[in-house]
Protein chains: 2
Amino acid sequence: MQDNPARATIASLAREAGVAASTVSRALKGDPRISPAMRDRITALAQAAGYTPNALARTLVGGRSQLIGLVLGPIENPIYAEMMQAVVAEAARRELRVLLLHVGRGPIEDSTAAALLQYKMDGCLITSAELSSRAASVCAANGVPVVMVNRVPRLHASAVACDNRAGCEELAAHLLEGGHRRFAIVTGNPDSSNNQDRAEGFARCLRAAGLPEPLLVPGGASHAAGYAAGSRLAALPPDTRPDAVFAVSDILAMGVIDALRAAGLRVPEDVSVAGFDGIAIAAGPPYRLTTVAQPLAPMVARGLDLLVADISGARVPDDVISLRGTLMLRGSTRNFI
Amino acid sequence: MQDNPARATIASLAREAGVAASTVSRALKGDPRISPAMRDRITALAQAAGYTPNALARTLVGGRSQLIGLVLGPIENPIYAEMMQAVVAEAARRELRVLLLHVGRGPIEDSTAAALLQYKMDGCLITSAELSSRAASVCAANGVPVVMVNRVPRLHASAVACDNRAGCEELAAHLLEGGHRRFAIVTGNPDSSNNQDRAEGFARCLRAAGLPEPLLVPGGASHAAGYAAGSRLAALPPDTRPDAVFAVSDILAMGVIDALRAAGLRVPEDVSVAGFDGIAIAAGPPYRLTTVAQPLAPMVARGLDLLVADISGARVPDDVISLRGTLMLRGSTRNFI
DNA sequence: TTGAAAGCGATACCAA
DNA sequence: TTGGTATCGCTTTCAA
């Protein structure tokens, strides 16, 4: 079924049908002022010839490219892979193609950022918690619409993120009700707004409940960082050891749990551990992690809607959308009471 | 720094410089037969105007689009996220852009497959172990070069994969030397050539060593599947329980370990467990998984080289490249002797 | 309802 | 060394 020999084009179809190219173009996109007979004839011809429109030529004329760029966070954290999957699915639903711009840490290379302009991408989705982002500034400088997912907006841009505050409140309330009184918070990278919000939001709830300041343990963004933090916690004298640990991300929490257990402590019997994100791998054994699950698909969907709106010229005034996460009560935390 | 107001084009630069468009085009790409003076002048102008070439128009003329499609396997397995990162990095190095075609299980939607043609992608990289692949047949039917990474070729296409056989031999030899005699193999999805090769390759070594057939436990492609398999192993009467388990992928092996431990067995003291892939998350505690690490970056690099060669018309006769993995001896296996 | 022609941005060929 | 022009595939006025 080889048909390399010159793909069919509007022109070739027009020749074959003995009509003008414009007629073919119209017929193919269901222009109302084309006779049904003509439309059917052309459609059949196109079908037979295996015609595929050239999206590039179409874009050149002045239309949209239907291409969006995607900047992805560090893949050590499975949340980004899950996010990517959601993006691909939701984008496909909107007939958008996803161009991978950058993955992981480190500044986006100039050439990659340039691609954004060169390929006339309609917009850009930035799903990274890291603050820095060359792509963002390139977009801003060139009027390319941007939407941030999973982070607060920098520069001016719309954003959709999980409601960190509400999530932390629910989680904190649950742990407090469960009888926990000595808390530790394993923090994330300081350049991530999410991490800061979550640590701060959680701490605020403890204060509101009249508890002393929680122990702050510096973490990071990986299992290893969580493990290190967990080791430090495990090394604490039993009487100062927390009875509940909140790690600002699931991947961190997994590391914490592993370290605690490696040190002979039981989770949740000796220490409760909770996270934030809702990644799949942490749901089952051996973690059964209590966490706040981010509504990934809805977040991405809203983000794309915002992007599409912005692309369409609807001057959305830099919306910032916050979606509620879902508290997932699982086996890594317990009730003392 | 807004400069939406009509981006600079070759034509606008030509007008500004008072020369022909063709001159600008040549000057910008360092055509040898353009006067240094002219080149400098135009380059400066372009710089000042913030000129960015329109890759779409360039492609339309007949050149390559520098766009390649990427079909990614199920993201439950971290190996695919790591692979994606390698692809983005290696592609960038070759000035190629990566269009995300499909992620995870399920047939690639028609619209996505169509994008392959519509956007004039130069080629396609398929990094999935699953056999089915709509993208592959679309490519084959339309003469779009394809290279498979991490799977053997179907249809005709080049491929680069890890040498499953050699890896399994090394691993098996190590475990045999360590004194293990009763083996179990946790298999993967039957539609994955890698999984079959690995299970078969490992079993062959055992036979060669004069051991009885290993216990075959059906697994899958997820931690959960591994956990289920591990649970079945743990439930075996102690005298029939294997002293070494080989899971055909790391993510499976992790599940196996978790299940064994949950059942009160110690790894590696009671049972050794080894995997295949070399994913980052399994390297550290609590798994410290002994495994065969796939040379991801080299695999992807070779894959792209093959693809680029094919695109350039060098009729490579469907190469199949096999790269050696690296045996990583870690704490999940032990030596009895 | 259909046709003809202009043009999107860049390249390449043929002249000069 | 530089200029003009055709062309890639498609859309979109403007006519007919």
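Below, chain A is the first sequence line, B the second, and so on; all start at residue 1.
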Legend entry - Test item: B/Glu82 side-chain N/O and B/Ala280 main-chain N/O as donor-acceptor pair under 3.5 Å: yes
Legend entry - Considering all heavy atoms, the nearest B/Cys124-B/Leu116 contact: SG-CD1, 4.1 Å
Legend entry - Within 6.0 Å of CZ in B/Arg94, more than 12 heavy atoms from elsewhere: yes
Can you give the donor-acceptor pairs under 3.5 Å from side chains of residues 61-69 of chain A to other protein atoms, not counting sequence neighbours?
unit_1	atom_1	unit_2	atom_2	d
A/Arg64	NE	A/Asp122	OD1	3.3
A/Ser65	OG	A/Leu67	N	3.2
A/Ser65	OG	A/Lys120	O	2.7
A/Ser65	OG	A/Asp122	OD1	3.2
A/Gln66	NE2	A/Glu95	O	3.1

Inset, instruction - Spell out protein contact along nucleotides 8-15 of chain D as letters: B when the base is contacted, S when just the sugar-phosphate is, - when no protein heavy atom is under 4.0 Å; keep the 5' to 3' order. - result: BBBBBBB-
Legend entry - Whole-Å distance separating the CD1 atom of B/Ile42 from the P atom of D/dT1: 14 Å
Inset, instruction - Take atom CZ of B/Arg41 and atom C1' of D/dT1, then tell me their distance rounded to the nearest Å. - result: 13 Å
Inset, instruction - Measure from the side-chain N and O atoms of B/Asn77 to the backbone N and O of B/Ile79, and report whether any donor-acceptor pair falls under 3.5 Å. - result: yes
Legend entry - Distance in angstrom units between B/Arg64 CZ and C/dA10 C1', rounded: 16 Å
Legend entry - Whole angstrom value for the distance that separates C1' of C/dT1 from CG of A/Asp31: 10 Å
Inset, instruction - Please confirm whether the backbone N or O of B/Ala57 pairs with a side-chain atom of B/Asn54, one donor and one acceptor, at under 3.5 Å? - result: yes
Inset, instruction - Mind grabbing the angle between the end helix axes of the helix from C/dT1-D/dA16 to C/dA16-D/dT1? Five pairs an end, 10° rounding. - result: 40°
Legend entry - Rounded distance (nearest 0.5 Å) linking atom CG of B/Leu125 with atom CE of B/Met148: 10.0 Å
Inset, instruction - Starting at atom CG of A/Asp40, determine the distance to atom P of C/dT1, rounded to an integer number of angstrom. - result: 14 Å
Inset, instruction - Would you mind classifying the nucleic acid contact of B/Val24 as base, sugar-phosphate or nothing, using non-hydrogen atoms under 4.0 angstrom? - result: nothing
Legend entry - Backbone of A/Ser322 reached by a side-chain donor or acceptor of A/Arg302 within 3.5 Å: no
Legend entry - Protein-nucleotide distance (B/Arg15, atom CZ; D/dG4, atom P), rounded to Å: 14 Å
